[in-house]
Amino acid sequence: MAKQPASIEPHDDPFQHVFSNAAHIVLKRLEHFRVLASTNAFVKARGEAGEDEGLVVLADTQTTGVGRLSRFWRSPLGGLYFSFLLRPSMLAPSEIQLITLAAGVAVAKVLQQAYGLKASLKWPNDVLLGELKVAGILAEQSLKGSEVEFTVVGIGVNVNTPLDEFPEDLKSKVSSLQEALKRSIDLPRLFGYLIGQLEYWYLRLRDKGFPAIAPHWRKLCNHLGRSVTISTPEGVVQGIAKDIAPDGSLIISSPTGKQILWSGDLDYPS
Ligand code: BTN
């Protein structure tokens, strides 16, 4: 069996202060590592081994962080990388995107309320400052028959992240909290704020459903009413982004009529 990385001892780990907030569904157990391949992969393995919801796993850096569509997620020291395990029995497999959207609202609210930043959301999983990406969310699920067995939600935030770690083609598309605020950010404190908001928006989704979240997502979204292109495996769709559907799909009004897109890469035509 492969050797497991050793987690950081809780007694002097500043991230453990997170237990002082009221989160009790998203966060029951915290494991913090200096380095992991991917916190999503780590939590997925724990989910498969039968772990209860409430496990949060944090890594200071990841060697093979994973982004949406299996892309590489750069995870240098200075950023915040964590994943948590949920067993959302209220959601059908086709509704996993609702968790991504709820988590996006949580992250954007923290950036707005705790740091005074004008954060916005780009469907389906990007958190932006202006047009620059500052955080991403990756929700993955494991199914048992036609039901969701567990979901892993991973969040990566560029915090005190050196932007020269990004390749040339990405440098003009990303930002960090440090870059936006011109000061370095206390990572354990940011983590605490995020866990608090994630708990709030996840419980809202669980107890009241997506209609209780959609108005907040719409308000934070930076492209409703704008002309967009969506690249999908089947081709590029161009049109006006109209709304978010009850299952988290994006509704586009295109020259050929209304289109409902479940996934894709959203961009703005130049
Ligand atoms: C995206 O925008 O494409 C999603 C990025 C998600 C990255 C986070 S970092 C923590 C967690 N572990 C991973 O391997 N990925 C997610």
Side-chain angles (χ1 to χ4, degrees), residues 65 67-69 71-82 97 100-139 154-187 189-191 193-194 197-198 201 213-231 236-244 248 250-252 261 263-270:
R68 206 166 63 91
L69 308 173
R71 291 178 185 136
F72 179 53
W73 178 264
R74 272 171 190 75
S75 316
L77 282 173
L80 189 65
Y81 317 105
F82 66 98
Q97 195 119 284
T100 306
L101 300 179
V105 171
V107 176
K109 290 275 185 196
V110 167
L111 302 190
Q112 289 189 342
Q113 292 171 3
Y115 298 93
L117 290 166
K118 209 174 165 320
S120 61
L121 296 173
K122 181 170 124 176
W123 182 87
N125 69 321
D126 290 357
V127 183
L128 307 180
L129 294 177
E131 305 276 304
L132 304 178
K133 179 156 172 168
V134 72
I137 295 148
L138 177 66
I155 300 190
V157 190
N158 301 333
V159 189
N160 305 312
T161 312
L163 295 181
D164 54 12
E165 296 270 350
F166 290 90
E168 280 313 312
D169 59 321
L170 283 183
K171 269 188 190 143
S172 58
K173 297 186 179 147
V174 297
S175 189
S176 68
L177 299 189
Q178 182 172 38
E179 179 74 15
L181 292 165
K182 305 294 176 218
R183 64 178 169 89
S184 73
I185 305 303
D186 185 275
L187 284 170
R189 185 175 298 174
L190 168 63
F191 178 62
Y193 293 145
L194 286 169
Q197 284 287 322
L198 287 163
W201 291 99
I213 292 178
H216 300 270
W217 189 90
R218 288 190 187 99
K219 215 164 153 193
L220 287 163
C221 173
N222 81 339
H223 53 71
L224 289 184
R226 277 176 78 177
S227 181
V228 295
T229 58
I230 316 278
S231 308
V236 178
V237 176
Q238 181 154 0
I240 307 289
K242 283 289 184 193
D243 202 2
I244 194 83
L250 190 67
I251 304 173
I252 303 284
L261 297 173
S263 87
D265 268 336
L266 188 146
D267 229 319
Y268 309 106
S270 40

> What's the verdict on side-chain contact (heavy atoms from CB on, under 4.5 Å) for Glu179 and Leu129, showing C-alpha distance, side-chain angles and the deciding distance?
Replying inline: CA-CA 10 Å; Glu179 179 74 15; Leu129 294 177; over 6 Å; no

>> If you apply the rule side-chain contact (heavy atoms from CB on, under 4.5 Å), what do you find for Tyr115 with Ile185, and how did you get there?
In response: CA-CA 10 Å; Tyr115 298 93; Ile185 305 303; 3.8 Å; yes

>> Determine whether Phe191 and Val159 satisfy the following criterion, side-chain contact (heavy atoms from CB on, under 4.5 Å), listing intermediate values before the conclusion.
In response: CA-CA 11 Å; Phe191 178 62; Val159 189; over 6 Å; no

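Evaluated for a side-chain contact (heavy atoms from CB on, under 4.5 Å) with Val174, the options Leu132, Val134, Leu163, Leu128 yield exactly one hit, Leu163.
The NE2 atom of His216 lies 12.5 Å from the CG atom of Leu121; values are rounded to the nearest 0.5 Å. For the atom pair CD1 (Ile230) and CD1 (Ile252), the distance works out to 4.0 Å, reported to the nearest 0.5 Å. Between the CG atom of Leu101 and the CD1 atom of Ile137 there is a distance of 8.5 Å, given to the nearest 0.5 Å. Atom OG1 in Thr100 sits 11.5 Å away from atom CH2 in Trp217 (nearest 0.5 Å). Atom CG of Leu250 and atom CD of Gln97 lie 9.0 Å apart (nearest 0.5 Å). Atoms CG and CZ, from Asp243 and Arg218 in turn, are 4.0 Å apart once rounded to the nearest 0.5 Å.
Annotation: side chain of Ser120 is not in contact with side chain of Leu220 (no heavy-atom distance under 4.5 Å). Between Thr229 and Tyr268 the shortest side-chain heavy-atom distance does not fall below 4.5 Å. The shortest distance between side-chain heavy atoms of Leu170 and Arg74 falls below 4.5 Å. A heavy-atom distance below 4.5 Å is not found between the side chains of Leu80 and Ile155. Within the 4.5 Å cutoff, the side chain of Ser231 has no heavy atoms near those of the Asp267 side chain. Annotation: side chain of Leu190 is in contact with side chain of Leu177 (closest heavy-atom distance under 4.5 Å).
For Asp265, the salt bridge (charged side-chain N to carboxylate O under 4.0 Å, His left out) partners at least two apart in sequence or on another chain are Arg68, Arg71. Remark: Lys219 pairs with no residue by the salt bridge (charged side-chain N to carboxylate O under 4.0 Å, His left out) rule, at least two apart or across chains.
Within 6.0 Å of NZ in Lys242 there are 12 or fewer heavy atoms belonging to other residues, nucleotides or ligands.
A donor-acceptor pair is defined here as one N or O able to donate and one able to accept, closer than 3.5 Å; no such pair exists between the side chain of Tyr81 and the backbone of Gly154. With hydrogens and angles disregarded, a donor-acceptor distance shorter than 3.5 Å links the side chain of Lys122 to the backbone of Leu266. Checked by atom type and distance alone, the side chain of Trp123 never pairs as donor or acceptor with a backbone atom of Leu224 at under 3.5 Å. Looking at Asn158, its side chain never comes within 3.5 Å of a backbone N or O of Thr161 through a donor-acceptor pair.
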